Amino acid sequence: MQRLALVLIMLGLVAGLLVGGQRLALEEDFRAVELSVDLDDLMALVDGANIGEALDILEKLGWDIDSLVITVSPWERRAPDELRELASAIKDAGYPVILRVGGDEEEFSGHDQRPSSGLGQPGNPPGVEELAALVSLVDPQVVMFGGSQVAGYPSEVGTVARLLRASDIRFGLQEFAHQLGEKELAHLAPMHMVRVHTIYPREMSRYDVESAKTRLLRAVRERSYRLLYLRLWPGDLSTNTELVTGLETSLRETGYTKGPAASLPPWQMGLGWFGMAVCGWLGAGLMLYHVFPGLAQSLKGWWALGCLVLGAFVLLVLYLFYDQLLARQALAFLVAITFPTLAVIPKDWTKIRRSADGDQFCGKNGKPLSIPQARWSAISYSLYHFGRAVGITTIGAAVMVAALGDFRFMLKIAEFRGVKAMFVVPLLLVGIGAILHSFSLGKPLRVRHRWRRMSPWARIIVIVGGLLVIVVYVGRTGNFVIPVPTLEMRLRELLEKFFPFRPRTKEFLIGHPLLILGFGLYGWEWQRAGLVGIVLGTIGQISLLNTFTHIHSPLLASISRSVWGLLLGSGLGFCLLYLVLQLIGNQAESRPLDDNGRGRAIPNPPVRE
């Protein structure tokens with residue numbers, strides 16, 4: 001059955017490589033970035049000028065922008081003739097128009113009374129008829145919404161989507177806006193949607209030119225935003241000019257083109273590719289099924305095997321007859337759970353051989369090893385098992401790419417589901433596997449005895465500390481739960497200066513070093529200490545695979561940050577392992593020799609939990 005599992009895994013790998021090649025080709029053509037400036041911000045910047053004079057000043061400034069945003073706010077209503085004249089003047093100057101319906105949050109908080117008209121008012125968003133009238137007046141290329149919800153929410157979102165399709169207008173989905181109805185509208189009109197990134201007015205005071213440019217470029221390079229809606233600092237023409245011109249230069253230097261925001265074709269991998277990805281997951285599940293000793297021969301094992309096959313069948317049925325996106329999300333979640341677990345769960349691991357009396361390490365030929373030789377043997381042991389774990393996780397990443405092969409994931413209309421579970425479940429499974437494996441080591445466990453000897457306060461501290469670690473670990477997965485500490489933000493900014501795409505700190509600072517250390521200590525015959533490091537090191541493999549669930553990020557960016565994370569994490573991990581083994585070896589060498597000239601080699605170590 002293991003041969004069958006290998007064949008299935010290879011099918012999933014082939015699917016991932018071929019789908020990844022198609023993604024790379026799509027992303028190569030998806031490089032046009034549009035810079036758009038808010039008209040009200042521009043008019044305030046050139047105070048006292050009319051629209052014609054403002055456009056002339058814009059041309060003299062040399063701002064190479066691609067469009068202008070007209071905002072229809074509930075607090076500053078414009079007459080229909082004024083809107084028509086504004087749009088006409090902007091188009092005559094050679095700029096496409098973006099319509100923004102609704103104002104900024106600051107406008108709502110700065111007024112004691114709500115506008116008599118419902119436009120942009122929370123709880124009473126603009127209706128379809130009012131939106132259609134505005135569209136007919138302005139004839140925009142993109143429509144965005146201010147406030148807390150999109151037009152037509154909650155009952156007329158479908159009608160708004162039909163209006164967009166009929167008018168060939170794109171909906172601007174703004175990052176971090178969290179508007180009610182935005183996801184529904186994007187799902188109903190995926191081919192008429194463009195992702196927009198902006199620094200909101202309430203945030204502008206926290207940024208200078210360099211930090212604002214860095215944030216906007218990061219949105220383009222790492223999260224594939226193609227429309228940058230630039231808000232301007234009031235009363236500071238030179239600073240805003242520096243931002244716009246600097247952003248234009250940086251985009252061109254990094255290989256992007258300027259122009260109307262690029263769109264993706266309706267790219268989807270069909271049933272055949274999806275089926276191969278299912279085969280890849282099923283093969284990994286079968287391999288994991290054989291890891292647990294005795295499971296394959298028991299009745300529970302047959303139930304587990306049946307569940308695996310049934311799961312693959314359900315995924316195919318879900319894809320064919322119900323919801324393709326849901327089927328892809330379900331498969332991606334199963335891949336995210338299975339492959340990191342398979343990569344590091346205790347298997348048929350061996351350790352460095354010992355002599356018959358157990359006093360010395362031995363090589364494969366049975367000859368005794370010196371302490372330096374044993375040290376390098378443990379390091380090579382760790383290198384082999386770490387490389388094996390990374391290889392399995394990398395195959396899982398390829399299967400993940402195949403599973404989420406749909407343009408709607410690339411546009412973040414649909415997303416991977418279960419991020420927090422992905423970071424918890426493999427860790428629990430590997431922990432259970434490590435506990436079961438520790439029972440087979442033939443050494444007594446003293447955890448319960450030590451727990452009973454602890455004082456009540458010590459137990460409380462241990463429990464509270466453990467819960468705090470769990471809360472921070474789970475809370476730091478995903479976004480917007482536990483904020484990133486200032487020190488880590490500084491580290492991220494430093495890494496961005498040295499690497500094309502910042503490697504993830506969970507990988508190169510925590511996961512990879514701990515996994516390498518764990519494998520090395522296990523090979524040195526500190527098995528239980530090694531198992532603790534291996535369980536904690538699972539975080540690195542989870543994070544490595546999680547990187548490839550961000551389908552909206554360019555595939556090259558995911559590959560780059562993963563490779564750099566592996567290189568940095570491996571360097572730190574093997575340096576740490578060498579120092580630990582050096583310390584252990586020095587302690588052994590300080591022991592006096594016995595009558596037979598032995599004693600410098602490491603005897604059986606004490607039991608270590």
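All figures in this text were calculated on a predicted structure; none of them were measured in a lab.
- Residues passing the salt bridge (charged side-chain N to carboxylate O under 4.0 Å, His left out) test with Glu182, sequence neighbours excluded: none.
- Annotation: Trp564, atom CH2; neighbour count of heavy atoms from other residues, nucleotides and ligands within 6.0 Å does not exceed 12.
- With values rounded to the nearest 0.5 angstrom, Thr338 atom OG1 is found 9.5 Å from Leu331 atom CG.
- Residues forming a side-chain hydrogen bond (donor to acceptor under 3.5 Å, both in side chains) with Ser224 (at least two apart in sequence, or on another chain): none.
- In this view, Arg23 and Glu27 satisfy the salt bridge (charged side-chain N to carboxylate O under 4.0 Å, His left out) rule, not counting sequence neighbours.
- The closest side-chain heavy-atom distance from Ile559 to Val563 is below 4.5 Å.
- With sequence neighbours left out, Thr393 forms a side-chain hydrogen bond (donor to acceptor under 3.5 Å, both in side chains) with Gln541.
- Atom CZ of Phe548 sits about 4.0 Å away from atom OG of Ser562, to the nearest 0.5 Å.
- Taking 4.5 Å as the limit, every side-chain heavy atom of Met269 sits out of range of all side-chain heavy atoms of Asp406.
- The aromatic rings of His197 and Phe176 sit perpendicular to each other, their planes meeting at more than 60°, with 30° as the lower class boundary.
- Atoms CD and CG, from Glu28 and Leu555 in turn, are 12.5 Å apart once rounded to the nearest 0.5 Å.
- No side-chain heavy atom of Leu583 sits under 4.5 Å from any side-chain heavy atom of Leu579.
- Pro554 is not listed as a side-chain neighbour of Phe30, based on a closest heavy-atom distance of 4.5 Å or more.
- Checked against Trp281 for a side-chain contact (heavy atoms from CB on, under 4.5 Å), the options Leu8, Ile9, Val335, Leu286 give a single hit: Val335.
- Here the shortest heavy-atom pairing between Val344 and Ala389 reads CG1-CB, 4.0 Å.
- The salt bridge (charged side-chain N to carboxylate O under 4.0 Å, His left out) test applied to Glu222 returns Arg561, not counting sequence neighbours.
- Listed by chain and number, the residues in a salt bridge (charged side-chain N to carboxylate O under 4.0 Å, His left out) with Glu496 are Arg218 (sequence neighbours excluded).
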Next on the checklist: Before you tell me yes or no, could you show the steps for Val580 and Trp524 under side chain to side chain contact (heavy atoms under 4.5 Å, CB included), namely the whole-Å CA-CA distance, both residues' side-chain angles and the distance that decides it to 0.1 Å?
Outcome noted: CA-CA 11 Å; Val580 171; Trp524 188 262; over 6 Å; no
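- Remark: Thr547 engages Arg504, Glu507 in a side-chain hydrogen bond (donor to acceptor under 3.5 Å, both in side chains) (not counting sequence neighbours).
- Side-chain atoms of Arg388 never come within 3.5 Å of backbone atoms of Ala343 as a donor-acceptor pair (strictly under, hydrogens ignored).
- Closest heavy-atom contact between Gly275 and Leu316: CA-CD2, 4.2 Å.
- Residues forming a side-chain contact (heavy atoms from CB on, under 4.5 Å) with Leu428 (at least two apart in sequence, or on another chain): Val424.
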Checklist entry - What do the steps show when you test Ile395 against Met10 for side chain to side chain contact (heavy atoms under 4.5 Å, CB included), and what is the final call? => result CA-CA 9 Å; Ile395 294 174; Met10 289 301 105; 4.3 Å; yes
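- At least one side-chain heavy atom of Phe386 sits under 4.5 Å from a side-chain heavy atom of Leu566.
- For the pair Thr341 (side chain) and Ile337 (backbone), a donor-acceptor distance under 3.5 Å is present.
- Listed by first then second residue, pairs satisfying side chain to side chain donor-acceptor pair (under 3.5 Å) with a partner in residues 327-337 read Gln329-Arg417, not counting sequence neighbours.
- Not a single donor-acceptor pair under 3.5 Å links the side chain of Ser543 to the backbone N or O of Gly540.
- Pairs passing the ring-ring contact (aromatic ring centres under 6.0 Å, His included) check and including a residue from residues 312-338, sequence neighbours excluded, read Phe274-Tyr319.
- Distance check: Ser560 OG to Arg502 CZ gives 12.0 Å after rounding to the nearest 0.5 Å.
- Scanning for side-chain hydrogen bond (donor to acceptor under 3.5 Å, both in side chains) contacts around Tyr578 gives Gln582, with sequence neighbours left out.
- For Arg528 against Ser438, the heavy-atom pair with the smallest separation is NH2-O, 3.2 Å.
- Atom-to-atom distance recorded for Met191:CE and Ile413:CD1 is 9.0 Å, nearest 0.5 angstrom.
- The minimum heavy-atom distance between Val535 and Ala434, with the atom names listed, is CG2-CB, 3.6 Å.
- Listed here is the closest heavy atom pair of Ala186 and Leu173: CB-CD2, 4.4 Å.
- Considering only residues two or more places apart in sequence or on other chains, Val14 meets the side-chain contact (heavy atoms from CB on, under 4.5 Å) condition with Leu18, Met276.
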Checklist entry - Are Met287 and Ile392 close enough, and set up right, to give a side chain to side chain contact (heavy atoms under 4.5 Å, CB included), and what steps lead you there? => result CA-CA 11 Å; Met287 294 290 287; Ile392 292 172; over 6 Å; no
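- In this structure, Leu315 CG and Leu326 CG are separated by 9.5 Å, a value rounded to the nearest 0.5 Å.
- Side-chain contact between Arg408 and Gln268 is present, with at least one heavy-atom pair separated by less than 4.5 Å.
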Next on the checklist: Go through it in stages, so that I can follow the logic: the residues are Ser382 and Phe574, the test is side chain to side chain contact (heavy atoms under 4.5 Å, CB included), and I'd like the CA-CA distance, side-chain angles, deciding distance and then a yes or no.
Outcome noted: CA-CA 9 Å; Ser382 178; Phe574 283 110; 4.1 Å; yes
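- In plain terms, the two heavy atoms of Ile516 and Gly569 that are nearest each other are CD1-O, 4.0 Å.
- Contact annotation: the side chain of Leu531 approaches that of Tyr522 to within less than 4.5 Å [non-hydrogen atoms, C-beta and beyond].
- Using a 4.5 Å heavy-atom threshold, the side chains of Trp376 and Leu581 count as separate.
- For an aromatic pair to be called close, the ring centres must be under 6.0 Å apart, and His552 with Tyr225 fails this.
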